[in-house]
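Heads up, the thing below is written out as C-alpha cells.
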Amino acid sequence: MMTSKKVVVIGAGAAGLMAGATAALYGASVTIIEKNKRVGRKIMITGKGRCNLANNCDVQTFINNVPVNGRFLYSAINAFTPEDTIEFFESKGLKTKTERGNRVFPASDRSVDVVDTMHNYAVESGCKIVCDTANSLILEDGAVIGVKCEENTYYADSVIICCGGKSYPLTGSTGDGYTLAKQAGHTIVPLKPSLVPFTSKDKQCKDMQGLALKNVALRIVDKNSKKAVYSDFGEMLFTHFGMSGPMILSASSHLRDIQPDRYIAEIDLKPALDFERCGVPFDKKCNSITKEERHALCEILKCFTVEVSGFRPIEEAIITSGGVKTSEINPKTMESKLVSGLYFAGEVIDCDAYTGGFNLQIAWSTGRLAGENSAYI
C-alpha cells in the first residue's frame, strides 16, 4: 500500500541506501542520516577497492555460506535474491562480471561505481541525505517516533537502524547502532571479529613478512581433536603479526571459539623454501643429502606449519560477528519485536557470512525488506 509515512534511516552504507531508496519508492518521505560527508565509505574499501558486491549463487548456497543465523535470512534472501541483486545493478547501468568462486564485481573493478550507483538510486528515489550523527532514539508508548541527532531532531513513523558493525571504525562503523538498539531494550550478542587476520607467536611469520603465496593449499587443524576445521586453496601472505590474505580471512569465520595455540595452520607450499628451517645446511651438495633430510624437505613443502595464537582486533576485521539478537527481530519484516516502527538492516544484526560477496548480499536483502515494510501503513 502506498503511503506518505515519514521514515528515517540511520546510516548511508549498503543497507541504509537500499532501505531508504526502497521506502521512498513505496511512497514514504525518507531522510537518511549519515555522519560521514561521503556515503558508502565501507563499500569503497571492500574487495580491495573493487567491491565484491554479491555472489552469483542460488538461495540455498547463500544460506549455506552464512554460518551465523543463516535461517533468519530466508525471507529476506528469497525476497531479494543474488540474481535480483545482479539484475538490479545491471538495470542501473552498472555492468558486472562473475569471477572465481562466483564472486560478482563491477566490470570496471571500481568500488566507487557501486557507491555512485547506490547514491544516485537513493537520491533519484526521493531520499534526502543529511550529514548528522544520531545520538538517541525518541521512544513513546512502545514505539519509536524519531531520532535525536547532534544537529537536529528528526521525527518519523518508522526508523531503520543501518549503522553497520564495529569493524573498520574509520569508515564510520563505530558501534553506534548497538547503543541505539540497547536503548530500545534489545539484546546485543557479544561482538567478535570475523573475516580477520590471524596472529601467531611463530618467529618465522615475522621473518617472512610480505611474502605472498599463491596457489597453495591451507588446512586449519584443531590440535585437540586432530581434525581439520577448514581447508581451502588459493592465496595468503605472511605479516609481522602472523598471517592474512583471502584464505586466512575465510578461515577465521570457521574458528568461532578461538583460543591461544589451539589451532595450527598447515600449508602445502609446493614451491621451494629456505633450507634452514628443515635443518639442511644451505651449502650442502644435493648428492650429500640423506634420506631423512629429503623427507624433511618434503614435509616442509607439503606441510609447513604455523601456530595460530588468535585474531587481530575487531577494528581490523572486515565484518563484525555479533550484534542485535535475531530472535528479537521479525525475519519477515526486519521490524523489532520490542518497539513498534523500529527496523534493522545490515551488519548491525547478528548475522555474518563467509567471504565472497555474501555479507553485502545480507545488506542488500535486509535493507530491501526493511525499507519496504517501514513504508507500509
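These numbers come from a predicted model, not from an experiment. We count residues from 1, following the sequence as given.
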NZ/NE/NH1/NH2 to OD/OE distance under 4.0 Å, [X] and [Y]:
X: Asp232; Y: Arg219; result: no
X: Asp176; Y: Lys182; result: no
X: Lys35; Y: Glu150; result: no

Following the transitive rule for hydrophobic clusters with a side-chain heavy-atom cut-off under 4.5 Å over Ile, Leu, Val, Met, Phe, Trp and Tyr, establish whether [X] and [Y] coincide in one cluster.
X: Val8; Y: Leu137; result: yes
X: Val59; Y: Leu369; result: yes
X: Phe238; Y: Phe311; result: yes
X: Leu139; Y: Val348; result: yes
X: Ile264; Y: Met247; result: no

[X] side-chain N/O to [Y] backbone N/O, donor-acceptor pair under 3.5 Å:
X: Glu34; Y: Ala12; value: yes
X: Thr366; Y: Gly346; value: yes
X: Asn152; Y: Tyr154; value: no
X: Asn36; Y: Val39; value: no
X: Ser252; Y: Val196; value: yes
X: Gln183; Y: Ser136; value: no
X: Asp132; Y: Glu151; value: yes
X: Ser231; Y: Leu218; value: no
X: Asp84; Y: Thr81; value: yes
X: Asp202; Y: Val308; value: no

Exercise for review: Using the side-chain hydrogen bond (donor to acceptor under 3.5 Å, both in side chains) rule, take Ser200 and Ser309 through it: C-alpha gap first, then chi angles, then the decisive distance, then the call.
Suggested key: CA-CA 5 Å; Ser200 175; Ser309 60; 5.5 Å; no
Point to revise | Side-chain cluster (under 4.5 Å, hydrophobic types only) that Phe241 belongs to, other residues | key: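 Its cluster mates, by chain and number: none.
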Check your understanding: His254 vs Tyr354 aromatic rings, parallel, tilted or perpendicular, using cut-offs 30° and 60°?
Key -> parallel
Below 4.5 Å, heavy atoms only, C-beta onward: do [X] and [Y] meet side chain to side chain?
X: Val114; Y: Met44; result: no
X: Met18; Y: Phe80; result: yes
X: Asn65; Y: Ile63; result: no
X: Val229; Y: Val221; result: no
X: Cys149; Y: Ile33; result: yes
X: Phe89; Y: Met118; result: yes
X: Phe304; Y: Glu266; result: no
X: Thr153; Y: Val147; result: no

What's the separation between atom [atom1] in [X] and atom [atom2] in [Y], rounded to the nearest 0.5 Å?
X: Ser194; Y: Asp352; atom1: OG; atom2: CG; answer: 4.0 Å
X: Arg110; Y: Leu94; atom1: CZ; atom2: CG; answer: 10.5 Å
X: Leu25; Y: Glu124; atom1: CG; atom2: CD; answer: 10.5 Å

Point to revise | Any residue meeting side-chain contact (heavy atoms from CB on, under 4.5 Å) with Ser225, in chain and number order, not counting sequence neighbours | key: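 With neighbours one apart ignored, the set is Asp222, Lys227.
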Within 6.0 Å of [atom1] in [X], more than 12 heavy atoms from elsewhere:
X: Glu87; atom1: CD; value: yes
X: Lys337; atom1: NZ; value: yes
X: Lys92; atom1: NZ; value: yes

Check your understanding: Going through the checks in order, is the side-chain hydrogen bond (donor to acceptor under 3.5 Å, both in side chains) test met by Thr320 and Glu347?
Key -> CA-CA 7 Å; Thr320 303; Glu347 195 179 347; 3.2 Å; yes
Looking at every non-hydrogen atom in both residues, tell me the closest pair between [X] and [Y] and how far apart they are.
X: His119; Y: Leu17; result: N-CD1, 4.3 Å
X: Ala353; Y: Ser253; result: O-OG, 4.0 Å
X: Ala19; Y: Ile160; result: CB-CD1, 4.0 Å
X: Pro197; Y: Glu316; result: CD-O, 4.2 Å
X: Ile77; Y: Pro82; result: CD1-CD, 3.7 Å
X: Ser111; Y: Ile43; result: CB-O, 3.6 Å

Point to revise | Test log, rule side-chain hydrogen bond (donor to acceptor under 3.5 Å, both in side chains), inputs Ser336 and Glu328 | key: CA-CA 6 Å; Ser336 166; Glu328 299 172 354; over 6 Å; no
Exercise for review: With sequence neighbours excluded, give me every side-chain hydrogen bond (donor to acceptor under 3.5 Å, both in side chains) pair touching residues 138-149.
Suggested key: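 Qualifying pairs, neighbours excluded: none.
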Review point. With sequence neighbours excluded, what pairs up with Tyr121 under the ring pair (Phe, Tyr, Trp, His ring centres under 6.0 Å) test?
Key: Phe88
**Study point:** Step-by-step side chain to side chain contact (heavy atoms under 4.5 Å, CB included) determination, Ile349 to Met334
**Key:** CA-CA 10 Å; Ile349 302 172; Met334 294 295 128; 4.0 Å; yes
Review point. Could you go step by step and tell me if Arg50 and Glu99 meet the side chain to side chain contact (heavy atoms under 4.5 Å, CB included) rule?
Key: CA-CA 12 Å; Arg50 297 173 60 215; Glu99 298 186 357; 2.5 Å; yes
Review point. With sequence neighbours left out, which residue pairs that include part of residues 316-346 fulfil the ring-ring contact (aromatic ring centres under 6.0 Å, His included) condition?
Key: His186-Phe344
Identify every side-chain donor-acceptor pair in residues 66-75 under 3.5 Å, counting partners at least two apart or on other chains, and give the distances.
residue	atom	partner	partner atom	Å
Asn69	ND2	Asp350	O	2.6
Asn69	ND2	Asp350	OD2	3.1
Tyr74	OH	Gln60	OE1	3.3

Check your understanding: Does the side-chain hydrogen bond (donor to acceptor under 3.5 Å, both in side chains) test come out yes or no for Lys5 and Ser29, once each step is laid out?
Key -> CA-CA 6 Å; Lys5 285 177 67 173; Ser29 175; over 6 Å; no
Exercise for review: Please determine which of Lys201, Lys223, Lys203, Arg262 meets the salt bridge (charged side-chain N to carboxylate O under 4.0 Å, His left out) test together with Glu307.
Suggested key: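 The residue from Lys201, Lys223, Lys203, Arg262 that satisfies salt bridge (charged side-chain N to carboxylate O under 4.0 Å, His left out) with Glu307 turns out to be Lys223.
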